[in-house]
Each structure stands twice: as C-alpha cells, then as structure tokens.
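In what follows, a structure is listed as structure tokens, so that the remarks can point back to it.
Throughout, residue positions are numbered sequentially from 1 according to the sequence presented. The basis for the numbers below is simple: all heavy atoms, side chains too, and nothing from hydrogens, waters or symmetry mates.
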Amino acid sequence: MKDIWSKSSRPGFTNGEITRNKQMFLEQLKHITTLIFDIDGVLTNGDIIASDSGEFLRTFNIKDGYALQLAVKRGYHVCIISGGKGEAMRKRFEGLGINNIFLGVSDKVAVYNSLCASYNLNAAEVLYMGDDIPDLKIMQLVGIATCPADAVPEIKAISQYISPYTGGKTAVRDIIEKVLRVQKNWFDENPSAADSGK
C-alpha cells in the first residue's frame with residue numbers, strides 16, 4: 001500500500017506538487033525530537049473488551065512496541081497521552097522504557113504545554129499521532145500532525161501525513177520508522193528479541 005499524503009491526495013494537486021509536499025514533509029521529520037501518541041485507535045484498533053471483573057482490555061501490536069522502545073533507546077522523548085485508563089496500559093508502556101505516560105487525561109493541550117516547558121521544546125520538534133476529535137486541538141499545535149488510515153475525517157483533514165496502516169496495525173511503527181530513517185537512527189546493531197527492549 002502506498003503512503004497517503006493528506007494534502008497531496010486531494011484533487012487539484014499536480015505530480016510536481018505531490019513531490020514537493022513529500023520532500024517538505026521529510027525535511028520536517030529531520031527536526032523531530034519528541035513523539036506523542038494517543039492510545040485507543042492509534043496504538044490499538046479502538047476495540048475494548050469488557051471483562052466480567054470490570055477491566056477494559058486492549059491489544060497492542062508487537063511491531064509498534066519494537067519501534068517505540070527503539071525510539072526511546074535512540075534518545076527521543078516518547079510520550080503517551082490518552083483519555084483511557086488502566087494499570088495494564090501503564091505497565092505495557094513502562095516495559096518499553098517510556099517514562100511520560102499520561103492516562104485519564106481530559107485536557108491533552110495542558111499536558112502538551114507542560115511537556116514543552118519541561119523539555120524546552122518548540123512545536124517544530126514535536127510529532128503527534130491521533131485518530132479522533134479529542135486529539136484535534138493538540139494536533140493543531142504540534143509541528144507535525146499524523147494519523148492512522150482509519151482516523152475520522154476531521155483528523156485526516158489537519159494531518160500532514162496519513163499512514164496507510166490503521167490504528168493498532170503498525171501505524172505507529174510506520175511513522176516512527178520514517179522519523180528514525182530520515183535521521184539515520186533506524187538500524188539497530190544489537191536488536192533485542194523482546195519488544196520491551198530488556
């Protein structure tokens with residue numbers, strides 16, 4: 001499946017404009033130091049299984065996990081901001097080496113502003129992947145807004161990049177790999193067989 005470039009895929013763009021958009025996007029990726037992801041619909045397919053004990057269960061993709069732990073190992077700030085809650089989710093991301101995990105968040109912009117202040121970030125350094133309306137405001141603030149192929153239309157409309165992969169099915173791996181490849185950080189000379197990176 002080909003990459004989907006949100007602006008260039010709209011009617012009225014010539015082949016030359018499509019090429020320029022891709023080149024501009026790849027150039028922007030060179031400045032990314034911080035990767036922020038929503039969970040439901042981005043790191044999962046959006047389905048939630050309600051157990052008899054009252055827990056809400058989600059499934060995560062191992063390939064996404066490998067890319068996340070590699071980004072952490074390479075020194076990127078990797079952050080999770082989600083309205084969802086659950087100790088299992090926290091343990092999953094802690095196991096990948098992620099320290100900035102914000103669950104049960106109602107105001108994602110406030111968390112984003114706090115992260116920028118903590119790490120002295122400017123918007124051009126930050127990439128966010130979201131899929132639904134709660135991600136809209138934060139995606140309008142970051143340097144690069146991205147989404148999975150099955151994001152809602154409002155999110156696709158403001159994304160610089162729409163992954164050809166859906167949420168929970170390596171959309172996260174796709175965008176992390178692009179950032180790391182552009183910055184020549186993708187190849188791992190000592191890969192871990194465990195996606196936790198341990």
Please, which pairs that meet salt bridge (Lys or Arg N to Asp or Glu O under 4.0 Å) have at least one residue in residues 158-167, sequence neighbours excluded? none
Out of curiosity, Lys178 NZ to Leu180 CG, how far, rounded to the nearest 0.5 Å? 12.5 Å
Check: Leu115 and Thr34 side chains under 4.5 Å, non-hydrogen atoms: no
Please report the closest heavy-atom contact between Arg74 and Trp186, naming both atoms and the distance. NH2-O, 4.2 Å
Looking only at side-chain N and O atoms, does Tyr161 offer a donor or acceptor that is under 3.5 Å from a partner on Asp174? yes
Quick one, Phe37 and Leu68 - any side-chain contact, counting heavy atoms below 4.5 Å? yes
Once ring pair (Phe, Tyr, Trp, His ring centres under 6.0 Å) is applied, do any residues pair with Phe93, and if so which ones, sequence neighbours excluded? Phe60
Those residues at least two apart in sequence (or on a different chain) that pass salt bridge (Lys or Arg N to Asp or Glu O under 4.0 Å) with Glu125 are none
Which residues share a salt bridge (Lys or Arg N to Asp or Glu O under 4.0 Å) with Lys184, sequence neighbours left out: none
Measuring from Asn122:CG to Asn120:CG, what's the distance to the nearest 0.5 Å? 8.5 Å
Could you pull out all residues at least two apart from Gln183 that satisfy side chain to side chain donor-acceptor pair (under 3.5 Å)? Tyr76
Quick check: closest heavy atoms across Ser159 and Met139, and the distance to 0.1 Å? OG-CE, 3.5 Å
Euclidean distance, Asp64 CG relative to Gln69 CD, rounded to 0.5 Å: 12.0 Å
Extract all donor-acceptor atom pairs below 3.5 Å that involve side chains of residues 95-107 and protein atoms in other chains or at least two apart in sequence.
| from | atom 1 | to | atom 2 | distance (Å) |
| --- | --- | --- | --- | --- |
| Asn100 | ND2 | Tyr119 | OH | 2.8 |
| Asp107 | OD1 | Val109 | N | 3.2 |
| Asp107 | OD1 | Ala110 | N | 3.2 |

Output all residues satisfying side-chain contact (heavy atoms from CB on, under 4.5 Å) with Ala151, sequence neighbours left out; order by chain, then residue number. Asp131, Cys147, Pro148, Ile155, Lys156
Short side-chain to backbone donor-acceptor contact, Asp132 and Pro134, under 3.5 Å: no
For Arg90, give me all partners under salt bridge (Lys or Arg N to Asp or Glu O under 4.0 Å), at least two apart in sequence or on another chain. none
Non-hydrogen side-chain atoms of His77 and Leu35 separated by less than 4.5 Å: no
Taken in chain and number order and not counting sequence neighbours, the residues that satisfy side-chain contact (heavy atoms from CB on, under 4.5 Å) with Lys91 are Glu87
Can you measure from NZ (Lys63) to OH (Tyr66) and round to the nearest 0.5 angstrom? 12.5 Å
Side chain to side chain donor-acceptor pair (under 3.5 Å) partners of residues 144-155, not counting sequence neighbours, each pair once: none
Sequence neighbours left out, what passes side chain to side chain donor-acceptor pair (under 3.5 Å) with Asp135? Give chain and number order. Lys108, Tyr128
Quick check: do Leu127 and Ile175 have side-chain heavy atoms less than 4.5 Å from each other? yes
Please enumerate all residues that pass side chain to side chain donor-acceptor pair (under 3.5 Å) together with Glu177, with sequence neighbours excluded. Arg173, Arg181
CD1 (Ile80) and CD1 (Ile39) are apart, to the nearest 0.5 Å, by 5.5 Å
Which atom pair, heavy atoms only, marks the closest approach of Leu121 to Val126? CD1-CG2, 4.1 Å
If you take all heavy atoms of Ala71 and Ile176, which pair is closest and at what distance? CB-CG2, 4.2 Å
Nearest-0.5 Å distance, SG of residue Cys79 to CG of residue Asp38: 13.0 Å
